[in-house]
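Naming convention: chains lettered A, B, ... in sequence-line order (proteins, then strands); numbering from 1 in each chain. Computed from heavy atoms alone, side chains included, the values below leave out hydrogens, waters and symmetry copies.
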Number of protein chains: 2
Amino acid sequence: MKDVFSAIPIFVAVVEAGSFSLAAERLGMTKSAVSKRISSLEDNLGTRLFHRSTRKLVLTESGEEFSDYARNSVYIAQQGITAATLNQGKPKGTLKINAPMTFSRLHLAPHLKEFLDLYPDIKVILSMDDQVVDMIAGAYDVGIRIGELKDSSLIARKLAKCNSVVCASPEYLQQAGIPNTPHDLKDHNCIYYSLFQAGVEWTFFKADKKLKVEPTGNFIVNNSDAICEMLLQGLGICQMPTFIVQRYLNTGQLVPVLANYDLPDHSIFASYPERRHIPEKVKVFIDFLEEKLHSVYWEVDSGKSS
Amino acid sequence: MKDVFSAIPIFVAVVEAGSFSLAAERLGMTKSAVSKRISSLEDNLGTRLFHRSTRKLVLTESGEEFSDYARNSVYIAQQGITAATLNQGKPKGTLKINAPMTFSRLHLAPHLKEFLDLYPDIKVILSMDDQVVDMIAGAYDVGIRIGELKDSSLIARKLAKCNSVVCASPEYLQQAGIPNTPHDLKDHNCIYYSLFQAGVEWTFFKADKKLKVEPTGNFIVNNSDAICEMLLQGLGICQMPTFIVQRYLNTGQLVPVLANYDLPDHSIFASYPERRHIPEKVKVFIDFLEEKLHSVYWEVDSGKSS
DNA sequence: AACTAAGTTGAGTAAAACTCACCAATGAAA
DNA sequence: TTTCATTGGTGAGTTTTACTCAACTTAGTT
């Protein structure tokens, strides 16, 4: 029993053509090939499928019976192939996104309505999670990550720069003083983000010199919003991405410190599991996001000055 | 697009196994082979079918959609294969028989009830026809032929001897005289069977010497029953197979002449279109007929002597 | 950290499936 | 009848393909 299954489309072609020769022509092969495939199929089935002379080709009873199944099988397979290939190029289906909590709330969710209006055949499932999840096990189509990617099996595309700034409320700074160097932070209540990717230390650059400072404080949390809230209330000081705090810097509710020190460059990435066969829904989503985010619009001061 | 179709069962096996390795084991091939077939299938479809890491294997959306079709297709094909192979060995289905008119009436039809009772899953279509028909175009499973086979593409099995005898009614012979040699037939009213296979002449043998006589008479017909009827009515004389006239010879309604001359040996054959893959229904039918006919029972005198 | 098991990759091999050329048989045309 | 075109079948040879084997990468486990 070598290759019964692959002979089925050939058998069906012969049935529909009514002759080996015509079927061969349609299949783009020679009649001898068709003849041999049918013969071998008959051998494997142990039944003759056609009564045949040089001029007549008639299905046997077994052939008649078998052809019903065979035609159906081929037809369904072709439908499947069509379904699988036709959806190529069309942005449709369910787009399962995994993205960080606060970023999603501030800069992803606000754009999603426009995206969904733009692509009515796409349905979005957004999972907001700051933890790095298993994209494959979770069957995520695309993930938004900030910082560096660890998973080398994933493909990443940079969407925007992610600038950070150390900042605090004017009230806090008035009370605790304004740090002039990173080392001064050891006397401050540094709020700490427990999922911080870069490690336990805060890194600073000045004239290509690297400075590492271990933040100390009385509040550790796994949610950036909570940190932001605490900053506004004047609990302490923290290194924050501009996409979260820029609006408060603009209004003066928070003020930047250590402005003459650089923080490490981070980026906002979109990642997806495969390089080959990227579904169109993923492509259009990433294109859309890149278009929306590449200007880093949140850093533009629209209105009051800091 | 090389061999999308034959990759489908492999894809289905992977879906059902949940991993390439297990699927490979079940299919009796290596995991690398499975991996390559799936990859090539994905290339041909232009879609990724599985999200996969070394530990997780999850269908993509396209894969999910495709697998519905694929499983169905394979399932139906398997049903077809099963249907085609399972009927092997079981005598069932429609048996389309082509047989000579008078032979069928006298020696085929009388046995058919027993045959049908014996094989309740067989349905018989009997076409009684003295003309030689195209077995393939007519989709006949088996043909009964008397004399020699001309169609070399058919397979033949001898069922019984077919002895012939020249005979006439006592009344005719009293009136026309009894021929002593074949040549005497030229003075007789030789009834002629228009479909006679051996040609227009009657052939006789005596001590290995062949004699050919062209019969002359005023009645030509394509039906043996009609000849028999005419013989009984004393119209003329004819060479007849014993399976038709023996019963009249037994009762004395017809009497043989030229008994010291031999007529050519004929045989009763069953023929069928193919040597390979003979359907069981055909086999059992021919076996049955051979069993019934091989004794040439019609030549046994049961009762009166001639 | 070592170990196990999963999927992938590349090279080499074995096995099909195919082509080509030729044959036999059939039916139509000359 | 003879010829001719066309059909399906065959055998040799070749190309393509599918496969195995071994090594590698990764992820989860002990």
Side-chain angles (χ1 to χ4, degrees), chain A residues 1-11 13-14 17-25 27-44 48-59 132-138 149-154 273-276, chain B residues 1-11 13-14 17-44 48-59 132-138 149-154 273-277:
Chain A
M1 186 157 317
K2 290 171 294 189
D3 207 354
V4 183
F5 197 78
S6 70
I8 292 178
I10 296 174
F11 168 73
V14 171
S19 86
F20 283 25
S21 298
L22 181 56
E25 194 182 333
L27 292 168
M29 46 202 265
T30 57
K31 58 199 165 81
S32 76
V34 173
S35 170
K36 285 173 188 171
R37 298 280 286 177
I38 296 294
S39 292
S40 118
L41 177 61
E42 288 176 328
D43 287 345
N44 288 326
R48 217 140 233 248
L49 296 170
F50 296 103
H51 289 298
R52 45 193 187 273
S53 69
T54 55
R55 292 280 151 178
K56 295 273 159 40
L57 192 71
V58 184
L59 279 167
V132 175
V133 299
D134 185 335
M135 297 267 293
I136 289 170
L149 277 300
K150 320 182 309 177
D151 191 335
S152 61
S153 78
L154 298 176
E274 329 280 352
R275 189 177 300 280
R276 296 188 310 172
Chain B
M1 186 157 317
K2 291 172 294 191
D3 206 352
V4 183
F5 197 76
S6 71
I8 292 178
I10 297 173
F11 168 72
V14 171
S19 86
F20 284 24
S21 298
L22 181 55
E25 193 182 333
R26 288 183 185 168
L27 292 168
M29 45 202 267
T30 57
K31 57 196 165 86
S32 75
V34 173
S35 170
K36 284 173 188 170
R37 296 290 300 230
I38 297 294
S39 293
S40 117
L41 177 62
E42 289 176 328
D43 287 346
N44 288 327
R48 222 141 229 237
L49 297 170
F50 297 101
H51 289 299
R52 44 193 187 274
S53 70
T54 58
R55 293 280 150 178
K56 296 274 162 37
L57 193 70
V58 185
L59 279 167
V132 175
V133 299
D134 185 333
M135 297 267 294
I136 288 171
L149 277 299
K150 321 181 310 177
D151 191 334
S152 60
S153 78
L154 299 177
E274 328 280 351
R275 190 178 297 281
R276 298 188 310 173
H277 312 310

Would the base of C:dT19 count as contacting A:Lys36 through its side chain, where contact means a donor and an acceptor less than 3.5 Å apart?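 Between C:dT19 and A:Lys36, which were checked side chain against base, a qualifying N/O pair under 3.5 Å is present.
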
Given the structure, check if the side chain of A:Ser32 and the base of C:dC20 hold any donor-acceptor pair shorter than 3.5 Å. yes

Report the residue (A:Lys56 or B:Ser21) whose heavy-atom-nearest nucleotide on DNA chain C is the more 5′ of the two. B:Ser21

Value in whole Å for how far the [atom2] atom of [N] lies from [atom1] of [X]:
| X | N | atom1 | atom2 | result |
| --- | --- | --- | --- | --- |
| B:Glu25 | D:dT20 | CD | C1' | 16 Å |
| B:Leu57 | C:dA5 | CG | C1' | 14 Å |
| B:Leu41 | C:dT8 | CG | P | 13 Å |
| A:Arg37 | D:dT17 | CZ | C1' | 12 Å |
| B:Leu49 | C:dT8 | CG | C1' | 16 Å |
| B:Ile38 | C:dT9 | CD1 | P | 14 Å |
| B:Phe5 | D:dA18 | CZ | C1' | 18 Å |
| B:Lys31 | D:dA23 | NZ | C1' | 10 Å |

Is any side-chain N or O of A:Arg52 closer than 4.0 Å to OP1 or OP2 of C:dA25?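 Answer is no, no contact under 4.0 Å.
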
For a quick check of understanding: with a heavy-atom distance under 4.0 Å over all strands, which category does B:Gly28 fall into, base, sugar-phosphate or nothing?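 Contact class for B:Gly28: sugar-phosphate only.
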
How is B:Ser19 classified with respect to the nucleic acid when contacts are heavy atoms under 4.0 Å: base, sugar-phosphate, or nothing?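 Sugar-phosphate, backbone atoms only, no base.
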
Can you tell which of D:dC19, C:dT8, C:dT19 lies closest to the side chain of A:Thr30?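 Closest nucleotide among those given: C:dT19.
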
Mind listing the closest non-hydrogen atom pair of [X] and [Y] along with its distance?
| X | Y | value |
| --- | --- | --- |
| B:Ala17 | B:Ala23 | CB-N, 3.5 Å |
| B:Ser6 | A:Phe5 | CA-CD2, 4.3 Å |
| B:Met29 | B:Ile10 | CE-CD1, 4.0 Å |
| A:Glu42 | A:Phe50 | OE2-N, 3.4 Å |

May I ask you to decide if B:Ser35's main-chain N or O and B:Ser39's side chain share a donor-acceptor pair within less than 3.5 Å?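 Side chain of B:Ser39 to backbone of B:Ser35: a pair is present.
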
